[in-house]
Amino acid sequence: MSAPLDLEFNGDRPQAAAPARSGPDPEDLLAGLNPQQREAVTHSGSPLLVVAGAGSGKTRVLTSRIAYLLAGGVHPGQIMAITFTNKAAAEMKERVVDLVGRRANMMWVSTFHSMCVRVLRREAKTLGLSSNFSIYDADDSKRLIGMIAREQELDSKRYPPKQLGIHISNLKNELLTPEEAAERAGNDMERKVAQVYAAYRRRLVDSNAMDFDDLIMRTVELLQNHPAVAEYYRRRFRHVLVDEYQDTNHAQYVLVRELVGTETAESGVAPAELCVVGDADQSIYAFRGATIRNIEEFERDYPQARSIPLEQNYRSTQTILSAANAVIRQNPNRRDKRLWSESGEGERIVGYVADNEHDEAAFVANEIDSLVDRGEATFNDIAVFYRTNNQSRVFEEVFIRLGLPYRVVGGVRFYERREVRDALAYLRVLDNPDDTVSLRRILNVPKRGIGDRAEAVVAVHAEQERISFGAALREAAKGEVPALATRARNAISGFVELLDELHAVAAANDVAETLDTVLERTGYRGELEASDDPQDATRLENLTELITVAREFTEATAAAPEPADEGSPSDAAPDAASADAGDPGVEDRDADLPADDSLSAFLERVSLVADADSLPESGDGVVTLMTLHSAKGLEFPVVFSGGWEDGVFPHNRALGDTTELAEERRLAYVCITRARQRLYLSRAMMRSAWGQPMTNPASRFLTELPEELMDWRRVEPADRAAPQVRSTWGSRGGGADRTGADSAQARVAERGMRSTSAKGWKDTIALKLEAGDKVTHDKYGLGTVVSTEGEGARATATIDFGASGTVKLMLIGSVPMAKL
DNA sequence: CTTTCACTACTTTTT
DNA sequence: GTAGTGAAAG
């Protein structure tokens with residue numbers, strides 16, 4: 001198989017029948033579908049929930065369903081399909097085009113966010129907004145919140161901008177206004193959050209900007225407060241499809257509901273047909289506000305709803321599926337679902353217990369090497385997953401040493417790099433002079449003698465005069481701000497002149513040309529070129545890359561000029577199911593671009609495309625390294641996953657919280673179900689964390705795997721598995737059966753978890769230590785506790801073992817150590 | 001205003 | 001181990 005990275009390609013593989021290319025015959029579209037898939041494709045008349053287990057061919061169902069609708073006479077302009085990633089959207093569109101031809105381009109297939117931007121730009125007038133608003137990502141948003149927090153003189157230790165940002169984001173995801181947040185605030189933090197939120201929202205409007213959460217929330221407000229607009233969209237979109245429904249948050253849930261409309265809608269527009277696809281077991285973004293409730297209670301939300309489970313898996317061996325089922329079964333309150341496969345038992349799952357993370361990586365690397373040597377896999381077929389990005393380093397080290405080709409997905413992404421953001425900030429200021437965050441970002445980058453002091457003076461002036469920061473800056477340049485030192489004033493004058501000059505350049509040139517001039521005239525490029533820091537060379541490359549991106553964008557836009565959109569509901573008659581039904585041969589290319597302004601369009605594109613390039617194209621001949629989160633939606637013939645240790649995976653922060661633990665377990669489920677033929681799970685007994693060595697017990701998820709599915713290549717050495725336990729958390733038996741011992745320990749841990757509040761930890765599991773205590777450890781000998789950190793499941797102690805060094809140890813589970 | 005040095009604080013992150 | 005911040009010195 002040459003395409004391990006194709007998104008959810010599953011359903012196609014065993015059923016090789018090529019889809020009909022022309023004149024889609026509904027029957028052809030159903031060929032090769034199993035009965036459940038077929039039903040999901042053809043169902044009509046009520047809302048539909050497709051519960052799509054991993055690898056069950058959900059993308060195929062979605063695309064076939066769209067094609068089936070089109071074959072049945074639905075106009076493409078009446079279809080809206082929503083995904084979470086641009087990649088998924090692009091793929092869905094491409095596959096529908098394959099099935100029904102180019103008229104599929106008239107559908108709206110986009111992410112939640114692009115879809116909202118498209119609506120908001122079109123309806124900007126209605127909202128009293130300018131349609132070239134900037135889109136703030138998490139970083140911009142954090143900066144703005146930071147500015148506000150500083151102005152409000154909040155202690156940045158007690159109220160870190162990041163924390164405030166998370167809270168505000170959560171409020172927006174719940175569609176709560178600052179006023180509502182203030183009413184509900186029950187503690188100090190919440191009151192401060194509400195206060196900052198209010199200012200933040202004002203400042204976003206002043207900056208003519210929206211953050212990601214606003215895009216959704218504002219669209220919801222638009223639809224709720226402007227019935228004519230809502231009716232327009234409801235008339236237009238008669239079919240709404242939502243992918244990855246388990247990842248929707250409350251705001252997105254309401255958005256979908258508003259788009260679809262209800263029976264009781266006064267306008268008399270019948271609700272659109274809704275089809276959502278998701279798998280509660282693959283919800284791994286609850287920490288971003290996603291709520292499984294939306295999928296779990298779909299039938300309650302839509303009483304007429306039909307629910308169709310897809311349980312046949314076309315991806316993995318039965319062994320892999322049994323393992324996945326066994327793990328996910330441990331989650332409470334879940335609707336049982338059993339994946340099954342016709343592709344046979346396959347290989348057992350290989351388990352490996354390494355002494356430390358280096359040994360673990362070496363095992364993985366050697367195994368990859370021999371698999372490829374034996375011709376059982378190509379590098380392309382292989383992926384290595386880990387819980388957190390920093391785990392990639394040790395794998396990279398070994399891979400480099402052994403000369404294995406690899407590619408790391410994720411980490412610091414292209415559009416998050418400082419130099420890229422700086423460059424884009426210049427463009428944003430040129431596009432939207434009110435964009436305060438971008439303006440203040442580049443104010444003194446590269447250094448031009450406008451320091452914090454001067455910036456603060458200008459900010460205060462802006463506040464006093466109730467003008468934008470940009471306007472205040474111009475007044476400062478003209479000497480109208482007396483508090484400003486002459487030096488600073490001159491520096492600001494120079495900067496304003498520079499901006500004016502660049503503005504003229506932007507007006508007369510394309511984006512790539514403008515960008516190039518910006519880098520030249522600001523001295524940004526010169527500074528990097530003059531530097532001897534090797535990092536700066538990389539930065540230059542990234543900027544060159546950004547110019548290339550801009551050039552390609554311009555060319556693509558020029559090649560496919562924007563046809564005028566069909567206008568906004570404000571000026572078009574709302575009798576519009578047929579509004580764009582004319583000329584079915586014309587492509588609806590306005591997809592994500594405002595027609596007029598290529599700079600705005602470019603900025604929108606880069607704001608909403610996370611990084612489409614981060615996933616390597618297949619055929620590179622490289623092993624792919626990524627986090628478990630990035631792995632969702634992908635599949636590989638061979639999967640390695642390391643760090644299966646309590647404290648690493650499940651992550652430390654999740655150990656004490658059943659909700660978070662359930663999410664970690666879903667992550668384990670996602671991990672296992674990525675593998676098609678072979679799966680390797682490993683753990684290390686000792687691992688350096690934050691520069692300090694740390695011992696970790698086996699992941700409880702490992703112990704949930706049925707023994708008969710496992711092929712343990714190496715287990716915990718006997719001398720360490722049979723400790724003389726003399727402490728309060730109970731004995732561990734003889735340790736003859738090592739994995740058995742592990743599961744005993746996991747069970748103890750689990751039990752302790754549930755009794756946290758009732759009984760506390762004291763004598764059940766954790767070793768209770770405090771600084772100054774003397775301990776004896778089976779391996780390190782005598783030691784003195786230097787400090788302790790965390791509570792309950794998170795409890796660790798830093799212990800000085802003298803000659804054996806200082807070690808940080810977890811106190812939960814089977815610590816081969818006792819207090820003296 | 002800029003540089004430097006020490007201090008801290010660390011998940012995951014589709015848009 | 002490192003990146004990002006904050007205070008003090010240049």
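Here is how names work: the chains are called A, B, and so on, in the same order as the sequence lines, proteins then strands, and each is numbered from 1. All values below were derived from every heavy atom in this structure, side-chain atoms included, with hydrogens, water molecules and symmetry-related copies excluded.
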Looking only at side-chain N and O atoms, does [X] come under 4.0 Å of OP1 or OP2 in [N]?
X       : N       : result
S688(A) : dG1(C)  : no
N389(A) : dC10(B) : no
N652(A) : dC10(B) : no
S156(A) : dT5(C)  : no
S630(A) : dT13(B) : yes

Legend entry - Face-to-face contact F287(A) to dT13(B) six-ring, under 5.5 Å, under 30°: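 No, F287(A) does not stack on the base of dT13(B), since the centre distance and plane angle fail the 5.5 Å and 30° test.
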Length of the line joining [X]:[atom1] and [N]:[atom2], which is rounded to integer Å:
X       : N       : atom1 : atom2 : answer
R487(A) : dT2(B)  : CZ    : P     : 9 Å
F701(A) : dT12(B) : CZ    : C1'   : 13 Å
F385(A) : dT13(B) : CZ    : C1'   : 17 Å
L655(A) : dT11(B) : CG    : P     : 15 Å
K157(A) : dT5(C)  : NZ    : C1'   : 8 Å
M694(A) : dT11(B) : CE    : P     : 13 Å
N173(A) : dT13(B) : CG    : C1'   : 13 Å
E416(A) : dA3(C)  : CD    : C1'   : 14 Å

Legend entry - Listed partners of E258(A) passing salt bridge (Lys or Arg N to Asp or Glu O under 4.0 Å), at least two apart: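 Testing E258(A) for salt bridge (Lys or Arg N to Asp or Glu O under 4.0 Å), a comparison that skips the adjacent residues, returns R234(A).
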Inset, instruction - Test for a donor-acceptor pair under 3.5 Å between the base of dT12(B) and the side chain of R387(A), counting only N and O atoms. - result: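 Between dT12(B) and R387(A), which were checked side chain against base, a qualifying N/O pair under 3.5 Å is present.
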Inset, instruction - Spell out yes or no: do the side chain of R653(A) and the base of dT11(B) have one donor N/O and one acceptor N/O closer than 3.5 Å? - result: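 There is none.
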Legend entry - T695(A) and its side-chain contact (heavy atoms from CB on, under 4.5 Å) partner, picked from E645(A), R687(A), M686(A):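 By the side-chain contact (heavy atoms from CB on, under 4.5 Å) criterion, T695(A) pairs with just one of E645(A), R687(A), M686(A): M686(A).
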Output the single nucleotide from [options] whose closest atom is nearest the side chain of [X].
X       : options                  : value
R288(A) : dC1(B), dT11(B), dT13(B) : dT13(B)
K447(A) : dT11(B), dT13(B), dT2(B) : dT2(B)
H629(A) : dA9(B), dT13(B), dC1(B)  : dT13(B)
Y285(A) : dA9(B), dT11(B), dT13(B) : dT13(B)
A454(A) : dT13(B), dC1(B), dG1(C)  : dC1(B)

Legend entry - Any pair counted as salt bridge (charged side-chain N to carboxylate O under 4.0 Å, His left out), so long as it reaches residues 450-459 of chain A, sequence neighbours left out: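 Listed by first then second residue: R440(A)-E455(A).
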Legend entry - Donor-acceptor under 3.5 Å (E357(A) side chain, A684(A) main chain):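 No; zero donor-acceptor contacts below 3.5 Å.
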Inset, instruction - Assign each of I450(A) and E663(A) to its nearest nucleotide of DNA chain B by heavy atoms, then name whichever residue's nucleotide is nearer the 5' end. - result: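 Final value for this comparison: I450(A).
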Salt bridge [X]-[Y], side-chain N to carboxylate O under 4.0 Å:
X       : Y       : result
D140(A) : R421(A) : yes
K172(A) : D211(A) : yes
K632(A) : D247(A) : yes
E664(A) : R387(A) : yes

Inset, instruction - Classify the nucleic acid contact of E664(A) as base, sugar-phosphate or nothing, counting any heavy atom under 4.0 Å across all strands shown. - result: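 Touches a base.
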Inset, instruction - Describe the nucleic acid contact of N390(A) in one word from base, sugar-phosphate, nothing, applying a heavy-atom distance below 4.0 Å. - result: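 Here N390(A) touches no strand at all.
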Inset, instruction - Indicate syn or anti for dT11(B), taking the glycosidic torsion and treating anything within 90° of 0 as syn. - result: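 Syn, since the glycosidic angle lies within 90° of 0.
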Legend entry - DNA chain B: stems of at least 3 consecutive Watson-Crick or G-U pairs whose donor-acceptor distances fall under 3.5 Å: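 Counting only runs of 3 or more consecutive pairs, the stems involving DNA chain B are B:1-10 with C:1-10.
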Legend entry - From CG (L628(A)) to OG1 (T388(A)), nearest 0.5 Å: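 L628(A) CG to T388(A) OG1: 9.5 Å, rounded to 0.5 Å.
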